[in-house]
Amino acid sequence: MLAEGVCIVCQGDHSSWDHWEYMESLPKDPVDMLDDLAKMGVYKDQALNVADAVSSAEVRKALFLKVASRGNSKREKLIRDLASVAGGLDQAFAAAFGPKAGEFFGDARRLSNVTRREFLRNVAIGASLVALTNCAPSPGDGDPEETGAPVDTGGLEKTDLQVGFIPITCATPIIMSEPLGFYEKYGLTAKVVKMPSWGAVRDSAIAGELDAYHMLAPMPIAMTLGLGSDPFSTKLASIENINGQAITVAERHRGKVNGPADFKDFVIGVPFPYSMHNLLLRYYLATGGIDPDVDVKIRPVPPPDSIAQMVAGDIDAYLMPDPFNQRAVYEEAGFIHKLTKELWPGHPCCAFAAGQNWIDENPNTFRALNKSIIEAAGYASKAENRVEIAEAISTRAFLNQPTEVVEAVLTGKFDDGNGNTLDIPDRIDFDPYPWQSFANWISSQLVRWDLQGDGKVAEAITKETYDEVGQEVFLTDLARELAEELGQDPPTEIYRTETLEYDTFDPADPQAYIEAQIEEYGL
């Protein structure tokens with residue numbers, strides 16, 4: 001495991017976010033970089049004419065490679081590749097430092113003439129090489145046991161990946177793994193791709209348009225069973241987040257909503273029919289005698305559209321992922337009525353998932369990708385990392401939200417819109433272990449509410465097949481194996497009794513649980 005404050009990407013003495021932010025801030029065109037350096041006084045205009053005054057020595061090049069790479073083969077390859085583009089280390093340093101390049105390399109020899117464009121390119125490369133060298137820890141800094149052994153990135157079937165996500169805090173491990181270097185650590189050049197809705201995520205998965213996905217925990221079960229779509233075998237590889245949702249009510253209903261019975265005749269938004277949000281909302285409403293299919297209207301609303309629809313009066317309330325509950329408070333559009341962690345402390349919400357066909361074609365890549373996300377979840381679970389993560393994922397490329405809103409969610413220090421300032425550290429939390437009891441509870445509620453109204457769920461999930469369905473879809477054993485390789489301490493059990501606000505769920509008898517719910521609430 002890395003020591004606190006050590007960069008995940010280069011093991012330098014700075015945060016991974018600082019590293020990513022610095023690299024993102026570098027001009028992409030060498031001409032722009034040259035202009036910046038000239039404005040900073042590093043270069044004088046006349047210095048542009050001294051590109052051919054430089055020296056080199058093979059032994060010093062080897063020494064530079066050794067110092068800059070710190071024994072890391074990936075770093076050395078990157079440095080060699082950069083130097084190759086410039087025509088060699090001497091070319092790069094000639095452009096970057098002119099006559100002073102001799103301070104790096106001795107034994108002068110004249111360089112061949114280069115074009116201005118080539119020279120400017122080499123300026124950028126020379127600066128990058130110096131940045132890489134300075135970014136590496138100095139000799140004696142850090143303990144090898146703290147920074148961990150090099151990761152074996154061999155045998156990957158595919159390294160350039162695209163991972164779909166919805167811009168919500170539930171996707172934190174998937175999102176942060178790009179800017180904070182977790183994908184890179186495992187040899188993956190992965191880009192996260194922002195998706196407009198959960199329906200688009202499902203359809204894209206079935207079409208094979210991306211490599212892997214951020215999904216709602218019930219989605220892989222529903223997709224595998226053919227609920228809401230044609231059957232498509234999908235695996236839930238690890239849990240992205242636990243808790244992290246809330247019921248938010250429009251400001252115009254302030255003072256009128258105190259419990260589930262007060263939602264009668266409301267239009268309530270949820271992100272997708274096959275979501276924990278829909279299932280938890282139904283669970284809550286039923287305890288107040290509200291029939292979710294008769295007394296209210298529950299409709300799918302893409303999370304990014306939720307506040308606008310609330311302000312417009314199209315919906316009265318929603319059970320949504322954050323940051324949209326906190327953003328409603330921020331915009332004075334609504335107030336937080338209830339956190340879902342109150343309904344079920346430690347409940348699952350979102351997950352990392354992939355299609356069975358893709359997994360079969362890329363087993364080593366799938367393993368590396370899942371491992372990077374499990375490690376990221378472990379990093380996100382630590383309170384001391386939450387502010388850094390909030391800054392990293394709130395940018396336009398990812399959540400596109402005010403940093404203070406995302407930070408309020410991740411740290412649990414927030415205003416609820418009711419005049420209360422709260423401190424709830426596990427308002428959202430990150431535990432990647434996919435308990436089979438999660439799968440059984442989800443299946444029980446799919447049976448209870450028969451969302452399609454055709455009895456198909458009860459045919460697919462019977463009293464005898466709960467465990468079979470869960471163990472086919474939730475890859476619990478693999479998640480444990482990868483977590484153990486990372487030095488984490490995952491459970492050895494796959495089932496546990498789940499304690500909710502109004503009842504207790506025994507995963508060994510989901511059918512009895514449904515019958516008890518119906519007997520008590522009539523729904």
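This chain uses plain numbering: 1 for the first residue, then up along the sequence.
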**Student:** Taking the side chain as everything from C-beta on, heavy atoms only, tell me whether Cys349 gets closer than 4.5 Å to His277.
**Tutor:** yes
**Student:** In Å and rounded to the nearest 0.5 Å, what is the CG to CD1 distance from Leu399 to Ile175?
**Tutor:** 4.5 Å
**Student:** Determine whether more than 12 heavy atoms belonging to other residues, nucleotides or ligands lie under 6.0 Å from atom CG of Asn420.
**Tutor:** yes
**Student:** If you compare all heavy atoms of Ser275 against all heavy atoms of Leu216, which two are closest, and at what distance to 0.1 Å?
**Tutor:** CB-CD1, 3.6 Å
**Student:** For Pro491 and Tyr433, work out which heavy atoms get closest and say how close.
**Tutor:** O-OH, 3.5 Å
**Student:** Calculate, to the nearest 0.5 Å, the distance between atoms CG and NZ belonging to Asn325 and Lys338 respectively.
**Tutor:** 14.0 Å
**Student:** Which of these passes side-chain hydrogen bond (donor to acceptor under 3.5 Å, both in side chains) with Asp211: Lys158, Lys191, Gln162?
**Tutor:** Lys158
**Student:** Take Phe430 and Arg386 through the side-chain contact (heavy atoms from CB on, under 4.5 Å) test and state the conclusion after the steps.
**Tutor:** CA-CA 11 Å; Phe430 304 94; Arg386 301 283 180 90; 3.9 Å; yes
**Student:** So, taking the atom named CG in Leu319 and the one named CE in Met276, what distance separates them when rounded to the nearest 0.5 Å?
**Tutor:** 10.0 Å
**Student:** Are side-chain heavy atoms of Trp441 and Trp344 found at a separation under 4.5 Å?
**Tutor:** yes
**Student:** Test side-chain contact (heavy atoms from CB on, under 4.5 Å) on Lys185 and Glu375 and set out the steps.
**Tutor:** CA-CA 11 Å; Lys185 176 178 179 179; Glu375 182 171 358; 2.8 Å; yes
**Student:** Under the side chain to side chain contact (heavy atoms under 4.5 Å, CB included) test, which residues partner Ala354, sequence neighbours left out?
**Tutor:** Ala212, Trp358, Ile359, Phe366
**Student:** State, with a plain yes or no, whether a side-chain heavy atom of Met195 is found less than 4.5 Å away from one of Asp203.
**Tutor:** no
**Student:** Is any side-chain heavy atom of Ile307 closer than 4.5 Å to a side-chain heavy atom of Met310?
**Tutor:** no
**Student:** Quick one: side chain to side chain contact (heavy atoms under 4.5 Å, CB included) partners of Ala376, sequence neighbours excluded?
**Tutor:** Pro173, Met176, Ser177, Phe182
**Student:** Without swapping roles, check the side chain of Thr234 against the backbone of Phe232 for a donor-acceptor pair under 3.5 Å.
**Tutor:** yes
**Student:** Write down the atom of Ile374, the atom of Pro432, and the distance for their closest heavy-atom approach.
**Tutor:** CG2-CG, 3.9 Å
**Student:** What are the two closest heavy atoms between Ile221 and Ser443, and how far apart are they?
**Tutor:** CD1-OG, 4.0 Å
**Student:** Test Ile494 against Arg480 for side-chain contact (heavy atoms from CB on, under 4.5 Å), laying out the working first.
**Tutor:** CA-CA 10 Å; Ile494 64 174; Arg480 181 192 309 108; 3.3 Å; yes
**Student:** Flag the pair His347 / Trp435 as yes when their ring centroid distance falls below 6.0 Å, and as no otherwise.
**Tutor:** no
**Student:** Is a donor from one side chain sitting under 3.5 angstrom from an acceptor on the other, for Gln245 and Thr340?
**Tutor:** no
**Student:** Please identify each residue that fulfils side chain to side chain contact (heavy atoms under 4.5 Å, CB included) with Ile242, with sequence neighbours left out.
**Tutor:** Ile239, Asp429, Asp431
**Student:** Can you check whether Gln326 reaches Ile336 side chain to side chain, under 4.5 Å on heavy atoms?
**Tutor:** yes
**Student:** Nearest 0.5 angstrom please: Ser229 OG to Ile206 CD1, how far?
**Tutor:** 4.0 Å
**Student:** Kindly give the heavy-atom pair with the smallest separation between Tyr186 and Ser372, and that separation in Å.
**Tutor:** CD1-CB, 3.5 Å
**Student:** For Thr159, check side chain to side chain contact (heavy atoms under 4.5 Å, CB included) against everything at least two apart and list the hits.
**Tutor:** Leu156
**Student:** Would you name the heavy atoms of Tyr213 and Val163 that are closest together and state the gap between them?
**Tutor:** N-CG1, 4.2 Å
**Student:** Determine whether a donor-acceptor pair (N or O, by modelled atom type, separation under 3.5 Å) exists between the side chain of Tyr183 and the backbone of Ile174.
**Tutor:** yes
**Student:** Does any part of the side chain of Phe398, heavy atoms only, come nearer than 4.5 Å to the side chain of Pro179, both counted from C-beta?
**Tutor:** yes
**Student:** Ignoring hydrogens and angles, write down the donor-acceptor pairs under 3.5 Å from the side chains of residues 258-270, residues two or more places apart or on other chains.
**Tutor:**
{"unit_1": "Asp262", "atom_1": "OD2", "unit_2": "Asn258", "atom_2": "N", "d": "2.7"}
{"unit_1": "Asp262", "atom_1": "OD2", "unit_2": "Gly259", "atom_2": "N", "d": "3.1"}
{"unit_1": "Lys264", "atom_1": "NZ", "unit_2": "Asp295", "atom_2": "OD1", "d": "3.4"}

**Student:** For Arg427, which of Thr411, Asp322, Asn243 qualifies under side-chain hydrogen bond (donor to acceptor under 3.5 Å, both in side chains)?
**Tutor:** Asp322
**Student:** Give a yes or no answer on whether the side chain of Thr504 reaches the backbone of Thr499 with a donor-acceptor pair at less than 3.5 Å.
**Tutor:** no
**Student:** Could you give all pairs that pass the side-chain hydrogen bond (donor to acceptor under 3.5 Å, both in side chains) test and reach residues 278-288, with sequence neighbours left out?
**Tutor:** Asn278-Arg282, Arg282-Asp293, Tyr283-Asp503, Tyr284-His337
**Student:** Would you say the side chain of Pro302 lies within less than 4.5 Å of the side chain of Pro196, judging by non-hydrogen atoms?
**Tutor:** no
**Student:** To the nearest 0.5 angstrom, please state how far the CD atom of Glu178 sits from the OG1 atom of Thr189.
**Tutor:** 10.0 Å
**Student:** Give the intermediate values and the outcome of salt bridge (Lys or Arg N to Asp or Glu O under 4.0 Å) for residues Glu481 and Arg367.
**Tutor:** CA-CA 10 Å; Glu481 179 183 336; Arg367 185 182 181 91; 2.5 Å; yes
**Student:** Given side chains that start at C-beta, do those of Pro218 and Leu279 come closer than 4.5 Å, heavy atoms only?
**Tutor:** yes
**Student:** Could you go through Glu407 and Ser394, starting from their C-alpha distance and side-chain angles, then the distance that decides it, and tell me whether this counts as side-chain contact (heavy atoms from CB on, under 4.5 Å)?
**Tutor:** CA-CA 9 Å; Glu407 186 175 316; Ser394 60; over 6 Å; no
**Student:** What distance do Glu240 atom CD and Ile428 atom CD1 have between them, rounded to the nearest 0.5 Å?
**Tutor:** 10.0 Å
**Student:** Give a yes or no on this: more than 12 heavy atoms of other residues, nucleotides or ligands lie within 6.0 Å of atom NZ of Lys413.
**Tutor:** no
